[in-house]
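If you read the sequence from its start, that first residue is 1, and numbering goes on from there.
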Amino acid sequence: MSDIDESFVPSPPSDFYETEPDEAPPLPVPARVLRYSSRKKRWAQTSNCARGVREPLPSTVRLVTWNLDFAAPDRKKRLLAALSYIQQHVLDCRTISERPEPCCILLQEVHETVFAQILNAEWVRRCFIVVPTSVDKWPDQAEYGNVTLVSRTIPVVNVSAITFGNSKMKRNAVFVDIKMSIPAHEDEPRLSGGIVTLRVANTHLESLPQGTAARPRQLKLIAAALRGRGIFGGIVAGDMNAISPADEEIVEEAELYDAWEGDDNDEGFTWGYQSLEQLPPGRLDKVLTTGQEGFVVDQPERIGIGEAIGRGKWVSDHYGLVTRVHVVRED
């Protein structure tokens, strides 16, 4: 199976060049994944991520996103605490031998010094494939980046990444294409009503007020990639750094839809309560979709509230989010 999918190269939105007409948009770079071999006792790069996946394929996938704060001390302890929390309290796997329901875990701000801790975690080795294959696959000279874990119960048929050309903070988006099934009618002998491909993006848009001008074009580039040929629907989740009034409009401008249906208030805020920075709380982290019929994303719920490794030592300055993505019949 090739790890290069020509349908993955998107056309940029028509207004992408409005502010920088001489800058060509970066194209997605095909990538590979890491899969642990219990027989060989090592991680190996592969493009054959569907091996061993049994039908029926899942119609529902759990989606977790969490910015883990690269800057705070005790990076290793905080990362391991986050993985343990997701394992036990979000995905309800009480032991490392328990396999989670079909899921994607999207992490942002993983520091380069703790990437290996993800690969050393026994639960991750048993149950997940990992993207990227190394920190060298992040934007050049990046000290931290995005990491996506996909449970082995989901076939991954394509992986890619886009480095934002307008980013001064070395930000990018990581894409995984996953196969899911349309539920069959109860009276049908088939295992499913068909197979579709969903594209899931993990991103961390430009930070701080000085990043306001960069975020709209970064999100539009992601949105264009989520609508590639042969893709049933697209989802992007992560730290959108929505800190200014202008950020309230960029989701609609990118023709995406926010899975959060509530107001932007304390009930939805994901940042500002466990941070030392003097900025007001806000809903920085989001789950956005392309909105096609045939798949539904539940209202996200916050996770990681108050999680700490010691007094005042929060696992992250962000709360995470968890939701479910459902492929549904249209008839």
Give the C-alpha distance, both sets of side-chain angles, the deciding distance and a yes or no for side chain to side chain contact (heavy atoms under 4.5 Å, CB included) between V315 and W66.
CA-CA 11 Å; V315 168; W66 202 356; 3.9 Å; yes
Is the backbone N or O of V29 less than 3.5 Å from a side-chain atom of S160, with the two atoms forming a donor-acceptor pair by type?
yes
Tell me the closest heavy-atom pair linking P100 and F128, and the distance in Å.
CG-CZ, 3.8 Å
Please report the closest heavy-atom contact between M180 and V327, naming both atoms and the distance.
CE-CG2, 3.7 Å
So which heavy atom on V297 is nearest to which on F295, and how close?
CG2-CE1, 4.1 Å
Carefully, step by step, assess R171 and S207 under the rule side-chain hydrogen bond (donor to acceptor under 3.5 Å, both in side chains).
CA-CA 9 Å; R171 301 290 168 79; S207 301; 2.9 Å; yes
Greater than 12 external heavy atoms within 6.0 Å of K179's NZ
yes
Do I105 and T148 make a side-chain contact, defined as non-hydrogen atoms from C-beta onward lying under 4.5 Å apart?
no
Side chain to side chain donor-acceptor pair (under 3.5 Å) partner of H318, chosen from T65, D69, D285:
D285
Shared hydrophobic cluster, F70 / V174 (ILVMFWY, side-chain heavy atoms < 4.5 Å)
no
Residues N67 and Q108: closest non-hydrogen pair is N-OE1, 3.3 Å
At their closest point, which heavy atom of V61 faces which heavy atom of C103, and how far apart are they?
CG1-CA, 3.8 Å
Just by distance, do the side chain of R62 and the backbone of V90 share a donor-acceptor pair under 3.5 Å?
yes
Measure the CG-CG distance between L288 and L219 for me, rounded to the nearest 0.5 Å.
6.0 Å
Are Y319 and L106 grouped together when hydrophobic residues (ILVMFWY) are joined by side-chain heavy atoms under 4.5 angstrom apart?
no
Does the side chain of V64 come within less than 4.5 Å of C104's, by heavy atoms?
no
As a quick check of understanding, evaluate side chain to side chain contact (heavy atoms under 4.5 Å, CB included) for L284 and M240, giving each step before the final call.
CA-CA 5 Å; L284 275 62; M240 307 299 170; over 6 Å; no
Given side chains that start at C-beta, do those of V236 and L226 come closer than 4.5 Å, heavy atoms only?
yes
Under the criterion side chain to side chain contact (heavy atoms under 4.5 Å, CB included), I'd like the reasoning laid out for I86 against L91: C-alpha separation, chi angles, the key distance, then a yes or no.
CA-CA 6 Å; I86 292 171; L91 298 175; 3.9 Å; yes
Give, for atom CD1 of I235 and atom OH of Y257, the distance between the pair rounded to the nearest 0.5 Å.
14.5 Å
Whether E109 side chain and L68 backbone form a donor-acceptor pair below 3.5 Å:
no
Spacing of CZ belonging to R125 relative to OG belonging to S38, to within rounding of 0.5 Å:
11.0 Å
If hydrophobic clusters are built from ILVMFWY residues whose side chains come within less than 4.5 Å, do W43 and W123 share one?
yes
Is L149 reachable from L119 through a run of hydrophobic residues whose side-chain heavy atoms are each under 4.5 Å from the next?
yes
Show, in sequence, the C-alpha distance, side-chain angles and deciding distance for W138 and Y144, and conclude whether the ring-ring contact (aromatic ring centres under 6.0 Å, His included) test is met.
CA-CA 8 Å; W138 289 337; Y144 60 90; 7.7 Å; no
Side-chain touch F175/N158, heavy atoms, less than 4.5 angstrom:
no
Any donor-acceptor pair under 3.5 Å from T163 side chain to P139 backbone
no
Report the C-alpha distance between H204 and N146 in whole Å, list the side-chain angles of each, state the deciding distance to 0.1 Å, and finish with yes or no for side-chain hydrogen bond (donor to acceptor under 3.5 Å, both in side chains).
CA-CA 7 Å; H204 185 188; N146 307 321; 4.9 Å; no
More than 12 heavy atoms of other residues, nucleotides or ligands under 6.0 Å from OH of Y273: is that the case?
yes
Nearest 0.5 Å, what's the OG1-CG distance between T289 and D258?
9.0 Å
Without placing hydrogens or testing angles, list every side-chain donor-acceptor pair under 3.5 Å for residues 300-309, not counting sequence neighbours.
unit_1 : atom_1 : unit_2 : atom_2 : d
R302   : NE     : E267   : O      : 3.3
R302   : NH1    : D266   : O      : 2.9
R302   : NH1    : F269   : O      : 2.8

Would you say the side chain of V150 lies within less than 4.5 Å of the side chain of V131, judging by non-hydrogen atoms?
no
For the SG atom of C93 and the CD atom of Q87, what is their distance to the nearest 0.5 Å?
6.0 Å
Salt bridge present between R283 and D247 (N-O < 4.0 angstrom):
no
Within the distance-only criterion (no hydrogens, no angle test), does the side chain of T203 pair as donor or acceptor with the backbone N or O of N172 below 3.5 angstrom?
yes
R215 side chain vs A242 backbone, donor-acceptor pair below 3.5 Å:
no
Please give me the minimum heavy-atom distance between E206 and K168, naming the atom from each residue.
OE2-N, 2.8 Å
Please check if any side-chain donor atom of T197 sits under 3.5 Å from a side-chain acceptor atom of D177, or the reverse.
no
With a 4.5 Å cut-off on side-chain heavy atoms, are Q218 and N166 touching?
yes
Short side-chain to backbone donor-acceptor contact, H326 and V328, under 3.5 Å:
no
When you measure from the side chain of R199 to the backbone of A225, do you find a donor-acceptor pair of N or O atoms at a distance under 3.5 Å?
yes
Around K170, counting heavy atoms of other residues, nucleotides and ligands shown, do more than 12 lie under 6.0 Å from its NZ?
yes
Does the salt bridge (charged side-chain N to carboxylate O under 4.0 Å, His left out) test come out yes or no for R324 and D298, once each step is laid out?
CA-CA 5 Å; R324 280 188 170 90; D298 291 346; 5.5 Å; no
Side-chain (S181) to main-chain (G194) donor-acceptor, under 3.5 angstrom
no
Indicate yes or no for a side-chain donor-acceptor contact from Q45 to the backbone of T133 under 3.5 Å, with no hydrogens or angles considered.
no
Would you give the length of the straight line joining atom CG of L205 to atom CD1 of I222, rounded to the nearest 0.5 angstrom?
5.5 Å
Evaluate salt bridge (charged side-chain N to carboxylate O under 4.0 Å, His left out) for E122 paired with R126, printing each intermediate quantity in order.
CA-CA 6 Å; E122 187 63 28; R126 288 171 179 258; 3.4 Å; yes
Evaluate side chain to side chain contact (heavy atoms under 4.5 Å, CB included) for L63 paired with V287, printing each intermediate quantity in order.
CA-CA 9 Å; L63 185 71; V287 179; 4.1 Å; yes
Among the clusters formed by ILVMFWY side chains lying less than 4.5 Å apart, do M169 and F164 turn up in the same one?
no
Determine whether V33 and T46 make a side-chain contact, defined as any pair of heavy atoms from C-beta on separated by less than 4.5 Å.
yes
Are side-chain heavy atoms of P58 and T153 found at a separation under 4.5 Å?
no
